[in-house]
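Scroll down for the structure; my scribbles are underneath it.
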Amino acid sequence: MTAPVSRKNTTAFFVQAILSFVVSLFAACVAIVYLPVGIWIRAFLALALLYVVTSAFTLAKCIRDQQESSEVVSRVDQARLDKLLAEHDPFKVHPAA
């Protein structure tokens with residue numbers, strides 16, 4: 001049976017992704033706060049930003065779940081194929097009936 005390929009992200013990549021998200025969210029919030037418009041427009045933009053952030057998390061989770069489910073199906077198919085190949089003997093002679 002073949003060993004699955006591990007696709008782990010490095011700690012540096014994980015930290016970079018988190019910092020990038022935090023910095024971009026902070027910058028957008030600061031931009032909304034200092035925008036020279038009324039409070040209602042700022043509130044609307046803040047709500048829109050919150051909606052975009054939560055939608056991005058939901059989309060990322062859906063993509064991850066779909067990828068994980070396809071990997072499980074792929075592993076099951078691979079296990080079946082490995083079993084068939086292990087049981088197959090090309091030199092076995094079947095008795096004539």
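Nothing fancy with the numbering, it's 1 onward along the sequence. The figures here come from the full heavy-atom set of this structure, side chains too, leaving out hydrogens, waters and symmetry mates.
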Heavy-atom side-chain contact between Tyr51 and Leu47 under 4.5 Å
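In short, these two side chains do not touch, never coming nearer than 4.5 Å.
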
Hey, any chance [X] and [Y] share a hydrophobic cluster, counting ILVMFWY side chains that come within less than 4.5 Å of each other, even indirectly?
X: Val53; Y: Leu35; value: yes
X: Phe14; Y: Val22; value: yes
X: Val15; Y: Ile18; value: no

Working to the nearest 0.5 Å, report the span between CH2 of Trp40 and CG of Leu45.
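CG of Leu45 is found 13.5 Å from CH2 of Trp40.
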
Interatomic distance, CD1@Ile32 vs CD1@Ile41, rounded to 0.5 Å, equals 12.0 Å

Residues forming a side chain to side chain contact (heavy atoms under 4.5 Å, CB included) with Ile39, sequence neighbours excluded
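Listed in chain order: Arg42.
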
Which pairs, with at least one residue in residues 52-64 and sequence neighbours excluded, count as a side-chain hydrogen bond (donor to acceptor under 3.5 Å, both in side chains)?
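The answer is Lys61-Asp65.
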
Does Phe21 CZ have over 12 foreign heavy atoms under 6.0 Å away?
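Result for CZ/Phe21: enclosed.
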
Closest contact, heavy atoms only, Ala28 versus Leu49
CB-CD2, 3.8 Å

Test question: given the 4.5 Å side-chain rule for I, L, V, M, F, W and Y, name all other residues clustered with Phe13, or answer none.
none

